[in-house]
There are 2 protein chains.
Amino acid sequence: MHPRIVDTLKKNQLSITESRKKILEMFLQRKGALAHADIEQQSGEEFDRVTIYRTLQTFVEKGIIHSIPSADNSVRYALCKDDCSEGHHHDNHVHFMCDHCGTTYCLDHVSVPPVAIPPGFKVTQVDVVASGTCMKCQ
Amino acid sequence: MHPRIVDTLKKNQLSITESRKKILEMFLQRKGALAHADIEQQSGEEFDRVTIYRTLQTFVEKGIIHSIPSADNSVRYALCKDDCSEGHHHDNHVHFMCDHCGTTYCLDHVSVPPVAIPPGFKVTQVDVVASGTCMKCQ
DNA sequence: ATTATTTTGCAACATTGTTGCATTTGTGTA
DNA sequence: TACACAAATGCAACAATGTTGCAAAATAAT
Ligand SMILES: [Mn+2]
Ligand SMILES: [Mn+2]
Ligand SMILES: [Zn+2]
Ligand SMILES: [Zn+2]
């Protein structure tokens, strides 16, 4: 088991449970992002669907993972790398979603460019999602 | 009825049906974007849910509307303003989604900034979705 | 070890999306 | 205008996804 797992859960004042450990481990092992369905399949019916929903929700609230918008009604989640905390995410990086294999990448080193939103809007977050073909699918 | 409706449908080689006229009219009248649920409610059970799904799909394919990604599993759609056509969208503008009232705006005059995606990825589209509070909800 | 708290699984339900097919509607032509 | 053909719609049945309340189980605190 990845050493960061228990630390992360403790740091966020979450009790150490089997489902949280296992799901967090999936995120730590996996390079790309995970959708709810991915977790359900990979865990092989080990946990109830409801538990997965609640775990993902908890992780997002605590700033352990962040959600990535999509145009196909299937939100994905990925580990927060920055110093995100309860209610405050700072994942200002660009995401890439492969149209072919579906893999979603966090481009941690590509930060979201400044966007000139007209006055009147109070912007709290800007999501940038690029799509196309990834290196594995060329 | 909005004059552009029949023109648009003919131009795209679509037969002129009640549902297509009505749904296209909703997009022409409405400033913001529409989700499937919005259309279903506003049309008041006039059309079957399946018809709405199929109409939206057809409109996207023809380049009449474009979809806007979201982080809450509810894709929205808005009229294409540019010269989009069958299979080729060119809606390179930024979108804004209000966390309070849910309204999604097409910021037609704010174009998507260049993003430096690492080599290896072949980018075909970049979506930028800002969120926060709109002018009506301050 | 015992108690208190939190999390889980289950069931039941609601919402959302998909598919096949008969019926209806719209289009082109005589 | 009437007809034939093609296309779109509505319906039904189903699959997938998401939500809620609550008893049982697991975890944390004492
Ligand atoms: Mn990310
Ligand atoms: Mn738009
Ligand atoms: Zn790929
Ligand atoms: Zn608003």
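Numbers restart at 1 for each chain; the letters A, B, ... are given by sequence-line order, proteins then strands.
Remark: the backbone N or O of B:Val75 is paired with a side-chain donor or acceptor of A:Asn73 at under 3.5 angstrom. Proximity of a side-chain donor or acceptor of A:Arg76 to a complementary backbone N or O of A:Ser67 within less than 3.5 Å is not detected. Under the 3.5 Å distance criterion, the side-chain polar atoms of A:Asp48 are matched with a main-chain donor or acceptor of A:Val50. Of the possible donor and acceptor atoms, one in the side chain of A:Gln138 sits under 3.5 Å from a partner among the backbone N and O of B:Gly120. Between the side chain of B:Asp38 and the backbone N or O of B:Leu34, no donor-acceptor pair lies under 3.5 Å. Under the 3.5 Å distance criterion, the side-chain polar atoms of A:His100 are left unmatched by any main-chain donor or acceptor of A:Cys134. Using modelled atom types, one side-chain atom of B:Thr124 and one backbone atom of A:Ser131 make a donor-acceptor pair closer than 3.5 Å.
For the segment residues 45-53 of chain A, the set of residues with a heavy atom within less than 4.0 Å of an atom of DNA chain D comprises A:Arg49, A:Val50, A:Tyr53, in numerical order. Within residues 2-14 of chain B, no residue has any heavy atom closer than 4.0 Å to DNA chain C. Contacts between residues 33-44 of chain A and DNA chain C, counted as heavy-atom distances below 4.0 Å, involve no residue at all. Taken residue by residue, residues 65-74 of chain A places no heavy atom nearer than 4.0 Å to DNA chain D.
The phosphate of C:dT7 (OP1 or OP2) has no side-chain N or O of A:Thr17 nearer than 4.0 angstrom.
Shown here for B:Leu107 and A:Ile117, the closest heavy-atom pair between the two residues is CD1-CD1, 3.8 Å.
Within the 6.0 Å centre-distance limit, the rings of B:His36 and B:Tyr53 are counted as a close aromatic pair. Aromatic ring centroids of A:Phe27 and A:Phe59 lie 6.0 Å or more apart.
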**Request:** Verify side chain to side chain contact (heavy atoms under 4.5 Å, CB included) between B:His93 and B:Cys106, making sure each step is shown before the conclusion.
**Result:** CA-CA 7 Å; B:His93 56 269; B:Cys106 287; 3.6 Å; yes
**Item:** Trace of the side chain to side chain contact (heavy atoms under 4.5 Å, CB included) decision for A:Tyr77 with A:His66
**Value:** CA-CA 5 Å; A:Tyr77 302 88; A:His66 59 277; over 6 Å; no
**Asked** Does the pair A:Met26 and A:Lys21 meet the rule for a side chain to side chain contact (heavy atoms under 4.5 Å, CB included), with working shown?
**Response** CA-CA 9 Å; A:Met26 287 186 196; A:Lys21 281 191 289 185; over 6 Å; no
**Request:** Dump the intermediate steps for side chain to side chain contact (heavy atoms under 4.5 Å, CB included) on B:Val6 and B:Met1, then the final yes or no.
**Result:** CA-CA 9 Å; B:Val6 173; B:Met1 191 174 70; 3.9 Å; yes
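Close approach of DNA chain D to chain B, defined as any atom under 4.0 Å from a non-hydrogen atom of the protein, starts and stops at D:dA7 to D:dG18.
Side-chain contact between A:Ile23 and A:Ile39: present, with at least one pair of heavy atoms (C-beta onward) separated by less than 4.5 Å.
Within a 6.0 Å radius of NE2 in B:His2, more than 12 heavy atoms belonging to other residues, nucleotides or ligands are found. Counting non-hydrogen atoms of neighbouring residues, nucleotides and ligands closer than 6.0 angstrom, the CD atom of B:Gln13 reaches no more than 12 such neighbours.
Side-chain atoms of B:Arg54 and base atoms of C:dG17 include no donor and acceptor less than 3.5 Å apart.
Note: B:Phe121 and A:Tyr105 have perpendicular aromatic rings, judged against thresholds of 30 and 60 degrees for the angle between ring planes.
Here the C1' atom of nucleotide C:dT6 and the NZ atom of A:Lys21 are 16 Å apart, to the nearest Å.
Within the helix from C:dA1-D:dT30 to C:dA30-D:dT1, the inter-axis angle between the opening and closing five-pair segments is 40°, rounded to 10°.
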